[in-house]
Every structure is written in C-alpha cells, then in structure tokens.
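Following: one structure in structure tokens, then a few remarks.
Predicted model, so just to flag it, every value in this text is computed and none were measured.
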Amino acid sequence: MSATGFRIDLHVHSKHSTRPSQWILQKLGCSESYTEPQKIYRLLRARGMDLVTITDHNTLAGALEIAHLPGAFVSEEITTYFPGDRCKLHVLVYGVTEAQHRDFQELRENVFELLPYLRENGIAHVLAHPLFAVNERLTPEHFEQCLVLFNTFELNGTRDELQNRVLTEIITGLTRPALERLADKHGLEPWGDTPWVKGFTGGSDDHSGLNVARMHTRFPGPARLESVLAGLRGRLGEPLGTAATPMTMAHNIYSIAYQFYKNRVPMPGAAADIPALRFADQALDPAEETPAPGLLARALSFFNRRKSALYLRWAAGGEAHQVLLKEAAAIVGADQGFQAVSRGEVRDMTVMEGEWYRFVSRATDRVLSQFADRILSSVLQARLFDVFHTIGSAASLYALLAPYFVSFGLFASERAFCDRCLAAFGEKPRHPRKEGLAIAHFTDTFREVNGVARTIRQQLTLVGRHDKHMRVITCGQDAPADMAGVADFEPVGAFEIPEYPQLRLFYPPFLKMLAHCFEEDFDLLLAATPGPVGLAALAIARILKTPIHATYHTAFPQYVGALTRDTNLEDAAWRYMLWFYNQMDVVYAPSRATVDELVARGIPEHKVKTYPRGVDVTRFHPSKRNGFLKRYAAGPGLKLLYVGRVSREKDLHGSPRPSASCGPCAATWSWWWSGTAPTWPK
C-alpha cells in the first residue's frame, strides 16, 4: 500500500462474463472471458493492487468465488438501457449483496428506474466507458443525459487514449450553468449537492488476464472497502495507468479466442514443443510462473521437438494453415525477441502486445506474399482452378488478421464519435494532426519513369508549396528516408511479370500500413494504381471507414492484351479493373473519352469525374524556343512530336495503324504512313 493511499483495479472480468460484445468472438461462439477468478486475484496482487474485486456482467459469481480472500469484496457490472431506443449502458456497482443483485435484474431494463434504486440504497456506482457505443446506438444526446444522470465516470483501460482525454476535457470543463442547460434540455433532475463537479475512476476492463491493473484507481486512506465506497461518493478517485491501442484490443481478442480453443482442444505435449505454438501459448495465455523442468520433462521435451521438427519438414505445405505453421516456426526460430517470449521471459504486457503484433505481421506478410505469387502465376498461365483454390486457402489468413481489422475499425469509429461529442459542446476536433484535409495518396509506382509517378511527384511538390496535407504511401520505391511527404514501406515480396521485365509488383506490409494510416488519421484515401498498394488502400479505407477515391491513369487491360496477345487475359483484366474502380466513392479520369469508356464498361456515371491536366505555362513558354527543329532540318509544314516512354506497350516500332475512331490522331498516323498531309477541320 502506498503512503498516500491504496490502489485497486475497479473493472475486471472473469470466466463468468459469458456474452462478448465483439462480433468476431460471437461468431466463434466464445465467451467474453476464460480467466479463473483465483488467477485474477493472484495477478492483481502481484501487480501491486491493495484490494481486489471482480465486475462480471450481471452476475456476482466471479466476485463471490474470491470474496473470502483478504482484501476482496463483491461487485458487478450492470447492463442497463435507455428505454426509448434500447441504447445500452454499463454501470459498475461496488460492495453489493446478493439481495441487491436480484433487485438489479428487476430494474436494469430501464436506466431511469435503476439509478433511483442505487441512490436510495447508497450503492456506489460509476458509468463505465462513457464514450463507447456498446451496441452502436450511443449518440451525443445520450452522452448529454449521462452527464446529468451520473456523477462518476470511468477512464477505461481498453479504450483509446484520445477517448479518455476527450471525456476528461468535457467533464472537467463542465460548469453549473452548462449542466443546468443539459438538465432542462432533457427534462432530467441532477443528483447531489454539486452535480457539475464529477469524479473519475480507472479500470482495466480486462477480459483475458493479460492486462489486469493496466488502468486502476488510487484512493486516500486505509485499504479497505469502506475507503473505496467513501472515495467513490466523495469523488476522490485518481485514475492511473495506460490507455489501450488497437494492438492492445487485438491482443486481447486473440488471447480470448486462443483460450477458447485451448479449453476445447487441450494442447498435446508434442505440440507444446513446436516453437510457434509455444510462442503463441506464452503470448496469449502466459503462465503465472514457469518452474524449472526436471530431467524427465527435459527428455520428453527433446523428443517432442524432434518429432515436431519432422512434422514441420515433411507435412504437405499447400494449405494456408500448413504454410503458416512452417513460416511461423522459421520466424520464431530466427528472432531473439520471439524466443524470449517462448521461454516465458517477457512479463510486461505492453512489450508482449508489441511482440505479438510484430509476429502476426511478419508471419502473415510472408505467407500472403507466397499466395499472391501463386495467384498471379496461375492467372498469367490461365490456370483458373488453381486461382480459385489458392484464393480459398488464403482466405483463412484474412480470418487470422480479423482481430486487428476489428480493433482498428472500432477505434476509428470511436474517434469519430469523440469529434461528434466535442462538436456538441462547441469544441474543435482533437485529432493528432494539422488543421485541414489530410490525404493519403497510395501508389504502386513513385520512382520509376512513367506518367503516374511523374504526376504524383509533381503533386507532392505543389502540396508542399501551398501548405496542403498529403502523404504519399508506397512500397519498394527506394525513396530517401528523409524525403518529405512520402512513406515508403519495405516490401514483403515482389512479383516480376515475364512479358514485362521492367515492371515489378511489390507486396506491401499490410498491418504496418494500416497502423500508419490510423495514427495519421487521414480524412481521405486516394488510390493512384490498382496494384497491391492500391488494394491495400481499398482494404484500409473499409476497415477505418474512410472515404476512398481513385485516379484512372493507365489502360491496363489494353496493355495486357498488347503484351500477351491473349484476349481472355485482356477480358479478365477488364473485369478486375471494373471491380476495383466500382469500390471507389469517386473515380478521376484524364479525359472525357476515358470517362465515356469507363461508363460504357459498367462504372456508374455519377462516380466518374474528369480530372483535366494542366500545363506549367512558365516552363513551357514560346520564349524558350531553341531552334531544335531547325537544327535537325525538319522542314516546313506539320510536325509530330512523341512525348513519352520508349516501352513496349507504347507500340513505337511498327504496329498496325490506329483505327479511324481515333479522330485527328488517326489522320495524322495515316499521313505518317502514306506521306500525304491530312486535311484538318477548320
């Protein structure tokens, strides 16, 4: 116990919390937690908590299991509702009895009936995670009512630091007139002598056993239940600890799912000695202590490792889970940090969640690179059955990444809700970025010599000149590390197209790109190319619920046809391009003719906008004529100048002439072939 008071985690869940709020756990059929109450007690004590309580959802079962232990008392988390629209709230109550718990079940369907009971019976209560929309129905108006109804609010250990900061700013800035206006607006009566002065608590809201005490509360006085209740009523709690990140939430989801499967299918001894599985066991369900193994245990471990190594070497490697297991074993075996986790040497859960994120990112990047190679090779060789089989196998990898997708998406939604609440109180958004529209421009090409790369580099120059906020997101482009406005990620693989050796497709590290975009908090994503980086942009936009636009620069289907002379591949390229650009909110095309072509192919007309090209009239000015044509004796009359790359798809060495549909260009090419000057319209 501290000399200035005592500490307690006021929000922890055990295996008796059975209904998860995350859809991914619901789909798996998981409970919300698998942690034993006694383990929670030991972990909290080991992490410096002077008192212990468990707050399971609508049950006292977990708290009652440890109530006989020193420093433990009974609490729960009540699920209640606004009666009009069934918006869900979670209310933490402390030091309660079984009789009171039975009364809660009668009253909890209506928050306006539950709260008077809590007040009349002197039950200390706190509104948990006030800015978290538990069932997606929370609005700023609900939050305004909560400010009137509750006097103590929780800073939650599973929520974003931004969310906790916004909550603190709004509540500490609350004044008596402001609270009275809210009370009048919603027809509610504040409670207490100074209801505009609010209190705070901290709780980890842990469900996996990984992060108990990550957030907690310090109270003054001796460490006993009476001091907790007096501190809550007097609003004397001091929240301490660290808020969560999307990595924290994802780590918890992985842990709960892992514990679910581990309870259903216990890990055999041989599997426990597979490096990847041993790493997963320590990262997702770490033991409280790791006793030194005896001689017999070491001998069995040696035998199991040899058997596991043979399995990994000889098992068929075509399916995603088999490839993943092999890659995971190689990754763990080659990384000192992962080996330290496997040996049980890492106890800091912040470090552990970072190591787990690094492991998942590296393993899935390597496997996805292999599957992408297979898909592209099969497409180019027209092995369609292999394409579908590979895509089906690789889909399981996306399921493995789902916890990160869910976490990043949820945190992005909560940030947007925080902005709405701030706006309701006349405050500006608290995003950690500059004012103004922030754009992420995704491109598969940046340093090469082509029109797309040239255009983007020019845009980047103009952005800097006019103080706009655009970040180029690319991969494998060897951009200088200190180049302003560019995030160039190291690729996890590359694919070379046999028909076009100058073009390489780089596979981006998806989770790293996703995390970067979340942290930068972009307002809009722009995809310049439909390659792997463009696909990453589309996936990130869907996960973070960010608008996404695209530019149509290049006639890739026609290029495919010209390079392969295969009309089936050209048709397949068109199908892919139409699928990709139909996912966009807006598509920018360079000319009216291109707009008409895309619309005719099937992209809705309202999506496609003309993106006209400008001319630098300072650089391209008649005053800069240098007599080039005269020096080379071009002669009088009409002159043609080709400006572009010398590459195969440009068709510069003797392809058939363009069709008459090309208009003036067709007339010009006809003259070049025949030597007869065209007749131009007046």
Side-chain angles (χ1 to χ4, degrees), residues 7-13 22 33 35 39-40 42-49 129 132 154-165 168 201-218 238-259 278-290 331-332 335-363 401 403-408 410-412 414-415 432 509 511-512 514-516 518-519:
R7 297 188 298 165
I8 178 172
D9 184 346
L10 287 170
H11 192 170
V12 187
H13 293 272
Q22 289 88 8
S33 175
T35 317
K39 182 178 180 179
I40 291 173
R42 293 191 297 270
L43 286 171
L44 286 168
R45 285 297 210 180
R47 295 178 187 178
M49 297 299 102
H129 40 68
F132 170 46
E154 180 196 47
L155 301 186
N156 188 274
T158 65
R159 316 277 28 115
D160 193 3
E161 188 274 334
L162 176 67
Q163 184 180 135
N164 286 338
R165 188 170 76 246
T168 303
T201 63
S204 68
D205 198 4
D206 178 80
H207 292 76
S208 63
L210 298 179
N211 292 294
V212 294
R214 181 188 183 103
M215 285 282 289
H216 56 276
T217 309
R218 181 163 58 199
E238 179 187 0
L240 300 170
T242 306
T245 68
M247 286 78 160
T248 311
M249 175 172 283
H251 189 206
N252 279 314
I253 294 174
Y254 280 110
S255 176
I256 293 167
Y258 178 77
Q259 292 176 45
R278 191 166 64 249
F279 170 81
D281 198 50
Q282 286 294 332
L284 302 179
D285 190 20
E288 296 172 71
E289 295 181 3
T290 307
I331 289 168
V332 172
D335 190 287
Q336 293 297 321
F338 297 154
Q339 291 178 31
V341 172
S342 299
R343 293 191 296 267
E345 296 171 4
V346 177
R347 292 298 174 188
D348 186 319
M349 286 301 115
T350 302
V351 175
M352 186 77 85
E353 75 185 39
E355 290 295 273
W356 179 254
Y357 166 80
R358 196 165 62 88
F359 168 76
V360 172
S361 180
R362 189 173 298 180
L401 287 169
Y404 284 110
F405 299 166
V406 170
S407 301
F408 278 103
L410 183 59
F411 273 56
E414 291 178 358
R415 285 186 171 185
L511 278 185
K512 290 181 180 178
L514 174 61
H516 178 79
F518 173 80
E519 291 302 327

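- Minimum interatomic distance between H11 and N156 (heavy atoms only, all atoms of both residues): ND1-ND2, 3.7 Å.
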D281 and Y258: side chain to side chain contact (heavy atoms under 4.5 Å, CB included), yes or no, with the steps?
CA-CA 8 Å; D281 198 50; Y258 178 77; 2.8 Å; yes
From CA spacing to verdict: side chain to side chain contact (heavy atoms under 4.5 Å, CB included), R415, F518:
CA-CA 10 Å; R415 285 186 171 185; F518 173 80; 3.6 Å; yes
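- Atom CZ of F411 is separated from atom CG of L162 by 10.5 Å, given to the nearest 0.5 angstrom.
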Can L401 and L511 be said to form a side chain to side chain contact (heavy atoms under 4.5 Å, CB included), step by step?
CA-CA 9 Å; L401 287 169; L511 278 185; 3.8 Å; yes
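- No side-chain heavy atom of I253 sits less than 4.5 Å from a side-chain heavy atom of S255.
- Ring planes of F359 and W356: tilted class, angle from 30 to 60°.
- Summarising the geometry, atom CZ belonging to R278 is positioned 5.5 Å from atom OG belonging to S342; distances are rounded to the nearest 0.5 Å.
- Separating the OG1 atom in T35 from the CG atom in L43 is a distance of 8.0 Å, to the nearest 0.5 Å.
- Taking every heavy atom of both residues into account, A243 and N164 meet most closely at CB-ND2, 3.8 Å.
- A salt bridge does not link R165 with D160: none of the charged nitrogens is closer than 4.0 Å to a carboxylate oxygen.
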Between E154 and H129, is a side-chain hydrogen bond (donor to acceptor under 3.5 Å, both in side chains) present by the stated rule, with each step listed?
CA-CA 6 Å; E154 180 196 47; H129 40 68; 5.3 Å; no
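- H216 places none of its side-chain heavy atoms less than 4.5 Å from the side chain of T201.
- Expressed to the nearest 0.5 Å, how far CZ of R159 lies from OG1 of T248 amounts to 11.0 Å.
- Taking every heavy atom of both residues into account, M247 and A515 meet most closely at CE-CB, 3.9 Å.
- Not counting sequence neighbours, A46 has no partner by the side-chain contact (heavy atoms from CB on, under 4.5 Å) test.
- Rounding to the nearest 0.5 Å gives a distance of 10.5 Å between CD of E355 and CG of D348.
- Using a distance-only test at 3.5 Å, with no hydrogens or angles considered, a donor-acceptor pair links the side chain of Q259 to the main chain of S208.
- In this model, no donor atom of one side chain and acceptor atom of the other lie less than 3.5 Å apart for N211 and S204.
- Checked against the 6.0 Å centroid threshold, Y254 and Y404 count as a close aromatic pair.
- Taken from OG in S407 to CG in L514, the straight-line distance is 10.0 Å, to the nearest 0.5 Å.
- R47 is not listed as a side-chain neighbour of D9, based on a closest heavy-atom distance of 4.5 Å or more.
- Cation-pi contact between R358 and F338: present, with separation from the ring centre below 6.0 Å and deviation from the ring axis of at most 45°.
- Using a 4.5 Å cut-off on side-chain heavy atoms (C-beta onward), Y357 and H251 make no contact.
- With contacts defined as side-chain heavy-atom distances shorter than 4.5 Å, the pair H207/N252 does not qualify.
- Listed by chain and number, the residues in a side-chain contact (heavy atoms from CB on, under 4.5 Å) with E238 are R218, L240 (sequence neighbours excluded).
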Begin from the C-alpha positions of R42 and K39 and carry the test side chain to side chain contact (heavy atoms under 4.5 Å, CB included) through to its verdict.
CA-CA 5 Å; R42 293 191 297 270; K39 182 178 180 179; 3.9 Å; yes
Test salt bridge (charged side-chain N to carboxylate O under 4.0 Å, His left out) on D205 and R214 and set out the steps.
CA-CA 9 Å; D205 198 4; R214 181 188 183 103; over 6 Å; no
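- A donor-acceptor contact shorter than 3.5 Å links the side chain of T217 to the backbone of G202.
- At a threshold of 4.5 Å between non-hydrogen side-chain atoms, the residues M349 and M352 count as touching.
- Residues L410 and M249 have side chains in contact (heavy-atom distance under 4.5 Å, counting atoms from C-beta outward).
- Inter-residue side-chain proximity for T168 and L155 is flagged as met; some heavy-atom pair is nearer than 4.5 Å.
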